[in-house]
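Chain naming here is simple, since letters A, B, ... match the order of the sequence lines and numbering starts at 1 in each.
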Number of protein chains: 4
Amino acid sequence: MTPTARRRLAPEVRRRQVLDAAIAVFSEEGLHGASMDAIAARAGVSKPSVYAHGGTKDELFAACLAREAERLMTAMTTAVGSAGDGEGPDDAEARLFRALRAFFHAVTTHRQGWTVLYRQASTGEFAGRVDAARRAIVRRAAELLAAELGGSVEAAEPVAHTLVGAAEGLTDWWLGTEHPATDEPPADVLARMLTAVVWPGLDRLRALPM
Amino acid sequence: MTPTARRRLAPEVRRRQVLDAAIAVFSEEGLHGASMDAIAARAGVSKPSVYAHGGTKDELFAACLAREAERLMTAMTTAVGSAGDGEGPDDAEARLFRALRAFFHAVTTHRQGWTVLYRQASTGEFAGRVDAARRAIVRRAAELLAAELGGSVEAAEPVAHTLVGAAEGLTDWWLGTEHPATDEPPADVLARMLTAVVWPGLDRLRALPM
Amino acid sequence: MTPTARRRLAPEVRRRQVLDAAIAVFSEEGLHGASMDAIAARAGVSKPSVYAHGGTKDELFAACLAREAERLMTAMTTAVGSAGDGEGPDDAEARLFRALRAFFHAVTTHRQGWTVLYRQASTGEFAGRVDAARRAIVRRAAELLAAELGGSVEAAEPVAHTLVGAAEGLTDWWLGTEHPATDEPPADVLARMLTAVVWPGLDRLRALPM
Amino acid sequence: MTPTARRRLAPEVRRRQVLDAAIAVFSEEGLHGASMDAIAARAGVSKPSVYAHGGTKDELFAACLAREAERLMTAMTTAVGSAGDGEGPDDAEARLFRALRAFFHAVTTHRQGWTVLYRQASTGEFAGRVDAARRAIVRRAAELLAAELGGSVEAAEPVAHTLVGAAEGLTDWWLGTEHPATDEPPADVLARMLTAVVWPGLDRLRALPM
DNA sequence: AATGAATGAGCCTTCATTCAT
DNA sequence: CATGAATGAAGGCTCATTCAT
């Protein structure tokens with residue numbers, strides 16, 4: 001006698017349901033392509049419930065952006081912050097590898113969030129908001145790079161943009177269909193690939209004044 | 001005081017107007033976000049004119065994709081194909097530099113086209129077509145890389161994605177507000193920056209079997 | 001002072017409202033001439049409500065056809081089937097009279113439905129469906145005639161068409177402005193008139209092989 | 001060097017071209033379903049030419065109605081007026097037969113005009129105009145009937161409506177697909193059929209005061 | 001709190017109509 | 001004159017949003 005859908009749930013739980021459904025639908029259909037009907041259906045609730053717990057479509061999208069951006073930042077911060085986990089050396093290259101691995105891990109395990117953040121929202125009224133999220137990540141990367149390579153954070157910014165862009169491109173490749181299967185976790189594979197390409201160059205930049 | 005509205009124009013001219021406007025609006029709003037009204041307004045013509053010269057929204061989008069894809073491919077092919085222009089050596093690094101410069105030139109001068117091609121959500125019925133255009137460019141990059149570094153084109157694909165992503169990231173930085181002014185053309189600056197970061201790594205990959 | 005607009009109604013009720021309005025508008029304007037706006041306005045609901053309860057314009061038209069066809073067929077079948085109601089003899093002429101009276105009754109009391117069914121242009125994709133509805137009624141008439149006059153149903157078809165056309169013409173005359181007032185129900189008057197004109201001829205056909 | 005389409009033609013000729021095309025298209029697609037583009041294409045002229053020679057769509061439709069109505073009236077008048085053509089007796093039944101034959105001849109040889117007049121135009125703003133045309137025919141029939149059967153024209157009107165309706169119904173049957181092939185001209189077949197059904201009844205009415 | 005029902009606004013598309021050549 | 005090109009005005013349909021239960 002207690003139909004799941006109509007059971008009163010704690011507000012935060014309902015909100016999570018709605019956000020999860022929204023991210024799923026937004027990632028598949030895009031901001032304009034997604035309909036509130038579809039989101040409600042995916043969440044298994046009625047449309048007014050979506051409004052009650054997620055607000056307007058724009059607010060809902062913004063909430064998705066915020067949540068996924070924070071999730072990504074947290075994941076990276078945590079991973080980078082964790083000192084050498086005893087798995088190997090703790091030199092600059094290893095730290096770069098771990099940061100990249102954290103990024104790739106976050107992105108490949110939350111593919112929909114990533115899609116919404118970086119592939120669906122780059123247009124229209126949300127371009128600014130997405131840009132802010134993206135810049136936060138780039139900024140963090142620039143700080144890491146400045147610490148490792150020396151030089152100011154400002155000077156490291158273009159390199160950080162390059163690095164983040166490269167990571168995004170590689171992620172796109174991985175999320176595409178045709179890539180070799182591996183036993184290793186994808187994040188490790190991708191991080192090693194990217195490290196191999198960029199580390200020598202970055203290493204050389206250490207000597208130069210940026 | 002020349003009313004452009006009711007002015008009769010040659011069909012090709014009008015079609016170009018419409019396509020230009022469409023690319024602009026699509027790049028800003030996305031396929032779903034763009035309205036035919038907006039495109040008509042941007043083109044300075046009436047909505048029926050958009051239909052007369054650009055066809056259905058889907059056809060119009062497809063035409064934009066086709067035109068910009070060809071434009072970018074042509075620009076890159078031409079620039080890369082031009083042999084050493086006497087400005088310096090013609091080793092692998094120099095060829096990479098020129099290819100990157102061509103890419104940056106094409107992308108920075110046709111930003112909107114690139115956005116439509118590479119940054120738009122590839123959802124729904126156009127996923128395939130957009131993807132095909134994207135992949136054509138990355139494929140070209142992969143071919144160049146394979147030629148330079150040895151190894152198969154398939155093996156070069158992730159590196160190509162990485163490279164294109166890195167270039168994109170750097171372009172974003174450049175098109176952002178805060179970057180130092182230079183006398184040099186942006187494409188040269190950006191190409192040198194990216195070359196500095198990735199060339200050492202790529203160079204090292206030459207020795208390894210990819 | 002009871003705003004009917006925002007009032008929540010049972011779906012069947014709303015659907016009936018919408019169908020009624022649709023039949024009215026279709027009968028006045030034709031399939032192409034009727035606009036969903038007009039139907040919504042006539043029904044006193046919003047356009048989305050029309051779509052919610054009546055579906056697409058084509059579906060709505062089909063639903064109108066189906067409903068009116070059934071209504072007319074039922075009315076005629078019932079009236080004809082009712083055996084001699086004690087009002088007089090039950091010979092062939094009397095049965096013809098009763099059938100005609102049933103037809104006139106159905107047609108004069110559901111004029112719009114009849115118009116949609118029988119007078120609308122049967123163009124385009126609905127030609128078949130409209131025609132089917134029309135033919136069902138004429139077919140029924142042909143069956144009755146065949147039973148009364150002998151001969152096959154096929155042979156009776158032209159006579160049935162003639163009869164139905166004659167009845168239509170007489171109905172038009174009655175619904176026009178200038179006709180004498182009577183105490184009798186119109187259906188009786190019209191049926192007697194038509195019987196007087198056609199019965200002698202039909203009676204004579206009984207002897208002949210059709 | 002003189003392309004037919006662009007050759008300057010006498011205005012009446014062009015007008016005829018346009019009217020013919022219009023009737024064809026209207027009869028196939030209906031008033032609302034027909035597009036001026038389609039009419040222009042069918043006529044083999046440009047759209048402005050249609051406007052120049054046929055006027056507005058409504059005017060064009062009205063012109064079609066007028067022309068076909070007149071054609072039908074003329075045909076009937078002529079046929080009825082022609083005294084017994086020596087092919088047989090000239091009693092009242094023969095005169096009825098000839099009038100009906102004239103009607104069926106006009107209708108079956110100008111099927112499109114008939115369709116436009118009686119099957120496409122019965123709705124919307126042209127209902128009145130069509131009604132007028134129809135009434136003219138019915139009036140003529142009533143006059144003939146009054147002359148043959150005795151009684152006033154007014155009294156003959158319902159019978160005239162009946163007769164015209166019957167003729168229309170039979171025409172519909174004939175214009176449908178499935179009817180037996182004959183060597184005789186259709187008009188003769190149909191006229192004989194209808195005469196057989198209605199003449200006995202009409203004959204009997206002669207004795208009664210209508 | 002949760003929802004079925006309702007709607008205002010907007011979008012894609014086409015059509016009747018008219019300039020300008 | 002004849003026409004290609006252009007447009008204002010709907011029309012069918014859907015969507016984000018909100019009542020009323």
| task | Kindly state which residues belonging to residues 50-57 of chain C come within less than 4.0 angstrom of DNA chain F, counting heavy atoms of the residue only, listed by number. | result | Tyr51(C), Thr56(C), Lys57(C)

| query | For DNA chain F, what residues of residues 33-42 of chain C have any heavy atom nearer than 4.0 Å? | reply |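 By residue number: Ala34(C), Ser35(C), Met36(C).
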
| task | Please collect all side chain to side chain donor-acceptor pair (under 3.5 Å) contacts where either partner lies in residues 55-67 of chain A, sequence neighbours excluded, each pair once. | result |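 The answer is Asp20(A)-Arg67(A).
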
| What residue pairs, at least two apart or across chains, pass side chain to side chain donor-acceptor pair (under 3.5 Å) with a residue in residues 38-47 of chain D? | Glu28(D)-Arg42(D), Asp37(D)-Lys47(D)

Using side chain to side chain donor-acceptor pair (under 3.5 Å) as the criterion, list what pairs up with [X], not counting sequence neighbours.
X: Arg71(C); value: Glu68(C)
X: Gln112(B); value: none
X: Trp114(B); value: Glu168(B)

Could you state the atom-to-atom distance from [atom1] of [X] to [atom2] of [N] in whole Å?
X: Leu60(B); N: dC11(E); atom1: CG; atom2: C1'; result: 15 Å
X: Asp58(A); N: dT17(F); atom1: CG; atom2: C1'; result: 12 Å
X: His32(D); N: dA10(F); atom1: NE2; atom2: P; result: 14 Å
X: Gln17(B); N: dA5(F); atom1: CD; atom2: P; result: 14 Å
X: Leu31(B); N: dC12(E); atom1: CG; atom2: C1'; result: 12 Å
X: Glu29(A); N: dC15(F); atom1: CD; atom2: P; result: 11 Å

For [X], check side chain to side chain contact (heavy atoms under 4.5 Å, CB included) against everything at least two apart and list the hits.
X: Ala62(D); result: Phe126(D), Arg129(D)
X: Ala34(D); result: Val25(D), Phe26(D), Glu29(D)
X: Ala41(A); result: none

| Reading DNA chain E 5' to 3', what string of ( ), [ ], | and . shows its pairs, if Watson-Crick and G-U wobble pairs count only when both distances fall under 3.5 Å? | .||||||||||||||||||||

| query | How would you list all residue pairs meeting ring pair (Phe, Tyr, Trp, His ring centres under 6.0 Å) that involve residues 35-58 of chain B, not counting sequence neighbours? | reply | none

| request: Considering just the side-chain nitrogens and oxygens of Arg14(D), establish if one lies under 4.0 Å of OP1 or OP2 belonging to dC1(F). | output: no

| message | Keeping Arg14(B) on the side-chain end and Ser49(B) on the backbone end, is there a donor-acceptor pair under 3.5 Å? | response |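 No; judged by distance alone, with no hydrogens or angles, the pair does not exist.
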
| task | Between dA2(F), dG8(E), dC19(E), spot the one nearest the side chain of Ser46(C), thanks. | result |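 In terms of side-chain proximity for Ser46(C), the closest of dA2(F), dG8(E), dC19(E) is dG8(E).
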
| task | Nearest-nucleotide wise, let me know which of Lys47(B) and Pro11(C) is further upstream toward the 5' end of DNA chain E. | result |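 The residue closer to the strand's 5' end, by nearest nucleotide, is Pro11(C).
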
| said: How long is the straight-line distance from CG of Leu60(D) back to CZ of Arg15(D), given to the nearest 0.5 Å? | reply: 8.0 Å

